[in-house]
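Everything on this sheet refers to the single structure shown next.
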2 protein chains.
Amino acid sequence: MLSQTVEYALRAATYLATVPKQSRTVDQIAEVTHVPVAYLSKVLQQLVREEIVISRRGTGGGFMLARPPEKLRILEIVQAVDPIERITTCPLGLAAHGKRLCPLHRRLDNALAEMERAFAASTLAEILAEPTKSVPLCNFPAAATCR
Amino acid sequence: MLSQTVEYALRAATYLATVPKQSRTVDQIAEVTHVPVAYLSKVLQQLVREEIVISRRGTGGGFMLARPPEKLRILEIVQAVDPIERITTCPLGLAAHGKRLCPLHRRLDNALAEMERAFAASTLAEILAEPTKSVPLCNFPAAATCR
DNA sequence: GCATAACCGGATATTGACATCCGATTGAGG
DNA sequence: CCTCAATCGGATGTCAATATCCGGTTATGC
C-alpha cells in the first residue's frame with residue numbers, strides 16, 4: 001500500500017529533522033534508519049531534486065533538511081518520491097466521458113483524498129514533539145535503550 | 001497506490017452487482033470491464049476463494065456474486081485480492097519495542113486506517129443506487145451512450 | 001595541488017506484480 | 001456417453017520497483 005521507498009524517505013527525513021541545520025552522511029543515515037545504504041542514496045537524491053533536502057559533497061558533506069522541520073509536511077516527502085495518483089478521469093479510458101467519475105471511482109478517489117489529507121496533517125516537527133515513550137524510528141541515538 | 005488488481009476486482013464485482021443472482025462468463029465480464037481476460041480469470045479465482053463470488057463450470061456457467069450487493073462492501077473486495085497491511089509493529093524490527101508505534105508510524109497507520117474506513121463505508125448496492133449521470137464503470141450495457 | 005571524503009549518475013541484478021497460454025477438469029445437454 | 005462450454009491450475013513471459021556496484025565529480029584541508 002505504501003511503498004518501501006516512501007517508508008525509507010520518511011525515516012531519513014525524520015532522522016534529519018532531529019538534527020536540523022546539520023548534515024549527515026548517507027552511511028550515518030543508513031545506520032540509524034536501517035535502510036540499505038546504496039538504495040538510500042538514490043532516495044536521498046530524489047529528495048534533493050525535489051528540494052526537500054540539500055546535499056553537499058566532499059569532506060564534512062552529507063545531507064541536510066532544506067527547511068526547518070516545522071515547514072516540512074509528511075505529504076511533501078511522499079509526493080517527492082512516490083506521488084499519490086489521484087483519479088481524475090475514468091480509468092476505462094473513454095474520452096467522451098470527460099471529467100466526471102462514476103460512483104465507484106469517485107469513492108476510490110475520495111479514499112485517496114483522505115490519504116492526502118492525513119499526510120498533509122502533520123509536519124516533521126509535530127512528529128518529533130509528540131509526547132510518547134516511542135522515540136521516532138525507535139532507534140535514534142537518543143533512544144539507545146530501545147535497541 | 002491502489003493496485004491494478006484491486007481496480008480489476010472492483011470493476012468485476014461492480015458489474016456482477018448489476019446482474020445479481022445471474023452468472024456471467026469471464027469473457028463477458030472482461031469485455032464490459034475492459035480488463036485483460038486471462039488476468040481477470042485469475043482475479044476472479046481469488047474472489048471465489050474468498051467467497052465473494054461463486055463459480056460454476058460448464059455450459060451456462062460463469063461467475064456470480066456470492067451475496068446480494070447490499071451485503072458486499074468495497075473493503076471486502078480489496079481485502080480479498082490485495083489486503084491493506086496495517087502497521088502493527090515497528091517496521092525497524094526491534095522486538096524489544098513491542099506493539100507501540102513511534103509517532104511517525106502511528107500516523108502512517110492512521111492513514112491506512114482512514115483508507116479502510118473509506119472502503120468499508122459503502123456497499124456495491126449503494127454504488128449502483130447513487131443518482132448520477134455517470135453509470136458505474138462508464139460503459140455498462142445500460143449506458144451505451146457513454147461509449 | 002594532492003589526498004581524502006563524500007555525493008552523483010549510469011549500468012546492472014533481483015524480485016514481485018501483472019499478464020498470457022494451455023492442458024486438465026468439471027458440468028450441461030442431447 | 002459424447003461433445004461442447006466453461007472454469008481451474010500450473011508454467012511461463014514481461015516490466016517496474018527494489019537494490020547493488022563502481023567509476024566520475026566535487027569539495028575540504030593540509
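Reckoned from all heavy atoms, side chains included, excluding hydrogens, waters and symmetry mates.
- Of the possible donor and acceptor atoms, none in the side chain of Arg106(B) sits under 3.5 Å from a partner among the backbone N and O of Leu101(B).
- Using a 4.5 Å heavy-atom cutoff, the side chains of Thr5(A) and Tyr8(A) are not in contact.
- Both Pro36(A) and Gly60(B) sit near DNA chain D, but only Gly60(B) has its closest nucleotide nearer the 5' end.
- Toward the 5′ end of DNA chain C lies the nearest nucleotide of Gln45(A), the other residue of the pair Val37(B) and Gln45(A) mapping further downstream.
- Between the CE atom of Met64(A) and the P atom of dC7(C) there is a distance of 13 Å, given to the nearest Å.
- For dT26(D), its base never sits under 3.5 Å from the side chain of Arg57(A) at any donor and acceptor pair.
- Nearest to the side-chain atoms of Tyr39(B) among the listed nucleotides dA11(C), dA19(C), dC7(C) stands dA19(C).
- Atom CG in Leu2(A) sits 9.5 Å away from atom NE2 in His105(B) (nearest 0.5 Å).
- For Lys42(B), the side-chain atoms get nearest to dC21(C) when compared with the rest of dT18(D), dC21(C), dG9(C).
- Contact annotation: side chain of Thr59(B) to base of dG29(C), donor-acceptor pair absent below 3.5 Å.
- If you take CG of Asp82(A) and P of dA19(D), they are 13 Å apart, rounded to a whole angstrom.
- Among all heavy-atom pairs drawn from Arg11(B) and Thr33(B), the shortest one is NH1-O, 2.8 Å.
- Residue-level contact check: Val26(B) touches the backbone only, with heavy atoms under 4.0 Å from sugar-phosphate atoms and none from bases.
- Proximity of Thr5(A) to the phosphate of dT18(D): a side-chain N or O atom is located under 4.0 Å from OP1 or OP2.
- Out of dC21(C), dC18(C), dA28(C), the shortest distance to the side chain of Ala38(B) is found at dC21(C).
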